[in-house]
Engineer: 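I'd like to ask you about the structure that follows.
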Amino acid sequence: VRVELVSVAGSEPDDLPGFDDGETGGDIAEATAGTADAEILLRAERSGQGSGRIYQLHYRAIDAAGGSTPALAVAKLEPRPPAESKIAQG
């Protein structure tokens, strides 16, 4: 059985307008579709305005006969608590 990464997606844009998310890009890094990539860098930073950031990693397992089965891994980052948001802004 061979496993390959199909895609990775995040629920928030790389850089939301304003200063709340740190003004950074590249939230998903070192992800190589078509390979068995299991070491992907995901940014933990998220907007304090939203409900949290969710990353979806889609994989496919392929057997010797060519049959395949999809798989999904989910990483959910909860929103920052209000006190943490105030410290980051202050």
Side-chain angles (χ1 to χ4, degrees):
V1 175
R2 184 177 89 244
V3 176
E4 61 183 33
L5 176 66
V6 175
S7 65
V8 183
S11 62
E12 293 182 1
D14 269 1
D15 187 23
L16 293 169
F19 302 105
D20 193 43
D21 72 336
E23 297 183 275
T24 55
D27 292 350
I28 301 167
E30 299 185 19
T32 307
T35 70
D37 199 338
E39 295 185 21
I40 299 167
L41 301 177
L42 303 173
R43 186 178 307 280
E45 176 184 70
R46 64 264 183 221
S47 170
Q49 304 299 314
S51 59
R53 181 180 297 245
I54 298 172
Y55 290 104
Q56 293 187 349
L57 296 83
H58 296 264
Y59 287 90
R60 173 176 38 229
I62 305 163
D63 65 20
S68 66
T69 300
L72 173 66
V74 176
K76 183 172 184 188
L77 304 168
E78 299 295 331
R80 288 188 300 250
E84 185 179 337
S85 295
K86 289 178 185 174
I87 292 170
Q89 294 173 5

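We use all heavy atoms of the structure for the numbers below, so side chains are in, but hydrogens, waters and symmetry mates are not.
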Engineer: For Asp37 versus Glu30, what's the shortest heavy-atom pair and its separation?
Structural biologist: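 Asp37 and Glu30 have their closest heavy atoms at OD2-O, 2.9 Å.
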Engineer: Restricting to non-hydrogen atoms, name the atom on Ser68 and the atom on Ile62 that form the minimum distance, rounded to 0.1 Å.
Structural biologist: CB-CG1, 4.0 Å
Engineer: Once rounded to the nearest 0.5 Å, what's the spacing between atom CG of Leu41 and atom CG of Asp27?
Structural biologist: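 Result: 11.5 Å between the selected atoms.
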Engineer: In Å and rounded to the nearest 0.5 Å, what is the CZ to CG distance from Arg2 to Asp63?
Structural biologist: 10.0 Å
Engineer: Measuring from His58:NE2 to Gln56:CD, what's the distance to the nearest 0.5 Å?
Structural biologist: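 Rounded to the nearest 0.5 Å, the NE2-CD separation comes out at 4.5 Å.
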Engineer: Mind checking whether Leu5 and Thr32 have side chains closer than 4.5 Å, heavy atoms only?
Structural biologist: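 Sidechains of Thr32 and Leu5: no contact.
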Engineer: Can you find a heavy atom in the side chain of Leu42 that is under 4.5 Å from one in the side chain of Val8?
Structural biologist: yes
Engineer: What pair of heavy atoms forms the shortest contact from Ile40 to Tyr59, and how long is it?
Structural biologist: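 Residues Ile40 and Tyr59, closest heavy atoms: CD1-OH, 3.8 Å.
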Engineer: Check whether any side-chain N or O of Tyr55 sits under 3.5 Å from a backbone N or O of Arg43 as a donor-acceptor pair, and report yes or no.
Structural biologist: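 Yes, the answer is positive, given that a donor and an acceptor are paired below the 3.5 Å cut-off.
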